[in-house]
Amino acid sequence: MVNCQTAKGPIGVFDSGYGGLTILRQIRKIMPQYDYLYLGDNARTPYGTRSFDIVYEFTLQAVRYLFEQGCHLVILACNTASAKALRSIQQEDLPKLDPKRRVLGVIRPTVEVVGSISKTRHVGIMATPGTIYSRTYELEIAKLSPDIQVTGEACPMWVPLVENEEYDSPGADYFVRERIESLLHRDPLIDSVILGCTHYPLLIGKIRKYMPEGVNIIEQGSYVAQSLENYLGRHQEIKERITTGGTARYLTTEQAEAFQSKAAIFMGSPLEAERVQL
Ligand code: DGL
């Protein structure tokens, strides 16, 4: 059991680094009334090239930490953590930690919209190697839209480009273009591409530049935010345990100063961060 507080608390939002801020930004846009506690494991990012066991271990540490800070609801705003750790945490750890708390991911809300967007029924997923090789998107899409053919493209360089603020550089052009060309070469009938990594919205300028016209680019932030709003509408017992001060606090496992300057780019406004140890 975690150090159980029954008092209300903020919504926890977790990512391996900065990527989850693109999700938090969209969530705050439609639900500014809640308090949020963001945690970026910047000291150990990226997760996308790590093994299943390590991603699970790190993600569980983060969830426990956010529970201890008083969060009753934690969003894994990271596709890699959602793909590799969410199910085990929900099924095996939550019952032991505190069955009344909730951990939600970002893959299911994204998958729920793809069936109504694709006309050719050929969909591409661009994500970290961890997310692609887990095949979670394929499995989830097969459950909801079994007629859709899914092709996954691992983009190992895209997160490092974003983390190193190279997303506008000529180097980024090379890596973005080669992955898009590879995906569309493997399945030329693709008419919709899911950006299955929360870092990728920062590369959107380059992605639009190389994605052929007529291919829908599915960014997940707004879908995750809408899905969370629906969820809270259906789950009063969780909703009433969230504080409503309209604030956001930012925690990082790396140096606070570095986090602040980069995170401001993701959030579009300055912010203050605190360094923590998991
Ligand atoms: N932002 C994470 C995701 O959505 C991945 C970043 C990483 O590789 O750590 O998958």
Side-chain angles (χ1 to χ4, degrees), residues 12-27 38-63 74-87 89 103-111 124-140 152-167 172 175-176 179 193-204 207 217-225 227-228 250-254 258-259 262-263 265-267 278:
V13 179
F14 169 69
D15 182 48
S16 61
Y18 301 105
L21 293 168
T22 63
I23 301 287
L24 176 60
R25 191 172 174 173
Q26 296 297 330
I27 294 177
Y38 185 87
L39 173 60
D41 191 7
N42 299 78
R44 301 188 292 194
T45 199
Y47 280 13
T49 42
R50 291 187 188 274
S51 67
F52 181 96
D53 287 354
I54 294 294
V55 172
Y56 166 64
E57 188 186 309
F58 289 178
T59 306
L60 182 58
Q61 284 173 4
V63 166
V74 171
I75 312 298
L76 301 184
C78 174
N79 289 267
T80 311
S82 299
K84 292 187 158 190
L86 179 63
R87 185 177 292 249
I89 290 176
V103 181
L104 305 175
V106 288
I107 293 180
R108 183 71 186 214
T110 313
V111 162
I125 316 292
M126 310 199 82
T128 65
T131 300
I132 295 300
Y133 301 136
S134 76
R135 304 184 71 84
T136 308
Y137 269 99
E138 271 102 318
L139 296 171
E140 291 296 325
E153 183 74 29
C155 308
M157 287 303 292
W158 289 19
V159 167
L161 285 171
V162 172
E163 289 281 326
N164 292 295
E165 288 179 66
E166 290 286 338
Y167 48 85
F175 289 109
V176 169
R179 289 297 106 194
V193 172
I194 294 175
L195 301 186
C197 172
T198 55
H199 281 67
Y200 295 175
L202 270 278
L203 283 164
I204 193 67
I207 294 169
I217 301 168
I218 303 175
E219 287 185 73
Q220 56 190 169
S222 59
Y223 299 118
V224 171
S227 164
L228 179 59
Y250 299 89
L251 310 177
T252 174
T253 53
E254 249 295 349
F259 182 90
K262 283 194 193 166
I265 301 170
F266 279 79
M267 292 307 277
L278 299 185

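Worth saying up front: this structure is predicted, and the values here are computed from it rather than measured. Note: hydrogens, waters and symmetry copies are ignored here, and every other heavy atom, side chains too, is used. Both ligands and their constituent atoms are indexed starting at 1 by order of listing.
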Under a 3.5 Å cutoff, is there a donor and acceptor pairing between the side chains of Q220 and N79?
yes
Minimum heavy-atom separation for [X] and [Y], please, with both atom names.
{"X": "A127", "Y": "C197", "result": "CA-CB, 4.5 Å"}
{"X": "T110", "Y": "I194", "result": "CG2-CG2, 3.6 Å"}
{"X": "R44", "Y": "R50", "result": "O-NH2, 3.0 Å"}

Do any nitrogen or oxygen atoms of ligand 1 lie under 3.5 Å from a protein nitrogen or oxygen, and which ones?
residue, atom, partner, partner atom, Å
ligand 1, 1 (N), D15, OD1, 3.2
ligand 1, 1 (N), T198, OG1, 2.8
ligand 1, 1 (N), H199, ND1, 2.8
ligand 1, 4 (O), N79, N, 2.8
ligand 1, 4 (O), N79, ND2, 3.1
ligand 1, 4 (O), T198, N, 2.8
ligand 1, 4 (O), T198, OG1, 3.2
ligand 1, 8 (O), Y47, N, 3.3
ligand 1, 8 (O), G48, N, 2.8
ligand 1, 9 (O), S16, OG, 2.6
ligand 1, 9 (O), Y47, N, 2.5
ligand 1, 10 (O), N79, N, 3.3
ligand 1, 10 (O), T80, N, 3.0
ligand 1, 10 (O), T80, OG1, 2.7

State the CG-NE2 distance between L161 and H199, to the nearest 0.5 angstrom.
11.0 Å
Please table the atom pairs, donor to acceptor, closer than 3.5 Å between any side-chain atom in residues 14-21 and protein atoms at least two apart or in another chain.
residue, atom, partner, partner atom, Å
D15, OD2, G17, N, 3.1
D15, OD2, G19, N, 2.8
D15, OD2, G20, N, 3.0
S16, OG, T45, OG1, 3.4

